[in-house]
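Contents: one structure, followed by commentary.
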Amino acid sequence: MDDKLNILILTLVSGEEVITNVKDHIEKRDGVDVQVCYNMIYPFTLTKAGNIEPVINQQVSMLFTPWKLFSTDTSFLIGYDKVINMCTPLPDVIEQYKHAVDAQIKNMAKLK
């Protein structure tokens, strides 16, 4: 199993911006491995915090909200047709995403 992170920002057809670890979901069909959709692992909706203002000194506050706020699941399959595009986040955004994932894992552990 490949544990390498593939953290990307996805724009969904719904207009949501989602930051997540993206994997291809593969199933066997007639004995052949077939990529059927994406697996979003620890997806968070990514939004700009505060009022819409011009970016000053390249500083933007971001808000990370679990994509499925009322679910304990941590990965979700999503069809290729639901994704408009994908892009690589800035390094600071990746670090903030990792902190958000760590916080979510700790919160989920408290619920058990």
Side-chain angles (χ1 to χ4, degrees):
M1 182 170 143
D2 181 17
D3 290 334
K4 182 181 172 196
L5 295 177
N6 186 32
I7 299 170
L8 299 170
I9 298 173
L10 283 60
T11 303
L12 305 182
V13 295
S14 64
E16 294 170 290
E17 296 283 327
V18 178
I19 185 167
T20 185
N21 185 20
V22 179
K23 302 285 184 194
D24 285 318
H25 179 72
I26 299 170
E27 296 179 2
K28 281 216 183 280
R29 295 196 178 160
D30 297 324
V32 177
D33 286 344
V34 178
Q35 296 177 356
V36 295
C37 62
Y38 294 118
N39 185 6
M40 298 190 308
I41 304 163
Y42 290 108
F44 281 80
T45 302
L46 179 62
T47 54
K48 181 180 178 295
N51 296 331
I52 298 175
E53 301 171 0
V55 176
I56 300 170
N57 296 329
Q58 307 263 331
Q59 299 281 330
V60 176
S61 297
M62 293 169 284
L63 181 62
F64 293 84
T65 307
W67 188 58
K68 294 290 184 183
L69 190 58
F70 301 106
S71 175
T72 58
D73 292 346
T74 58
S75 68
F76 304 88
L77 301 179
I78 188 166
Y80 294 129
D81 63 333
K82 302 300 179 198
V83 178
I84 294 175
N85 67 27
M86 297 181 181
C87 65
T88 304
L90 295 167
D92 288 347
V93 176
I94 291 173
E95 287 308 309
Q96 289 184 48
Y97 167 76
K98 288 178 181 179
H99 288 295
V101 170
D102 288 344
Q104 183 183 24
I105 291 169
K106 288 175 185 172
N107 287 336
M108 290 174 66
K110 290 177 187 177
L111 297 175
K112 292 183 179 184

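Positions are given from 1, in the same order as the sequence printed here.
Evaluation of the side chain to side chain donor-acceptor pair (under 3.5 Å) rule for D30 yields no partner, not counting sequence neighbours. Partners of K28 according to the salt bridge (charged side-chain N to carboxylate O under 4.0 Å, His left out) rule, which considers only residues two or more places apart in sequence or in another chain, are D33. For F70, there are no ring-ring contact (aromatic ring centres under 6.0 Å, His included) partners two or more places apart in sequence or in a different chain. Considering only residues two or more places apart in sequence or on other chains, Y42 meets the ring-ring contact (aromatic ring centres under 6.0 Å, His included) condition with none of them.
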Applying side-chain contact (heavy atoms from CB on, under 4.5 Å) to N107 and K110, what does each step give before you reach the verdict? CA-CA 5 Å; N107 287 336; K110 290 177 187 177; 4.1 Å; yes
Walk me through whether V34 and E27 qualify under side-chain contact (heavy atoms from CB on, under 4.5 Å). CA-CA 5 Å; V34 178; E27 296 179 2; 5.8 Å; no
For side-chain contact (heavy atoms from CB on, under 4.5 Å), just list the numbers for F64 and V101, CA-CA rounded to whole Å, side-chain angles, deciding distance to a tenth of an Å, and then say yes or no. CA-CA 9 Å; F64 293 84; V101 170; over 6 Å; no
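Atom NZ of K23 is separated from atom NZ of K4 by 8.5 Å, given to the nearest 0.5 angstrom. The line from OG1 of T65 to CG of L46 is 9.0 Å long, rounded to the nearest 0.5 Å. Residue N39 holds its CG atom at 11.5 Å from CG of N6, rounded to the nearest 0.5 Å.
If you run side chain to side chain contact (heavy atoms under 4.5 Å, CB included) between M86 and each of T20, V18, I9, V22, only V22 comes through. Each of I19, L10, L8, V83 was compared with M40 under the side chain to side chain contact (heavy atoms under 4.5 Å, CB included) criterion, and only L10 meets it.
One hydrophobic cluster, built from ILVMFWY side chains closer than 4.5 Å, holds both L5 and I94. With hydrophobic clusters built from ILVMFWY side chains whose heavy atoms lie under 4.5 angstrom apart, I84 does not share a cluster with I7. Each of V93 and L63 belongs to its own hydrophobic cluster when Ile, Leu, Val, Met, Phe, Trp and Tyr are linked at side-chain heavy-atom distances under 4.5 angstrom.
Contacts classified as side-chain hydrogen bond (donor to acceptor under 3.5 Å, both in side chains) and involving residues 8-17 (residues at least two apart or in different chains) are given here: T11-E17, T11-N85, S14-E16, E16-W67.
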In residues 72-81, what donor-acceptor pairs under 3.5 Å come from side-chain atoms, sequence neighbours left out?
none

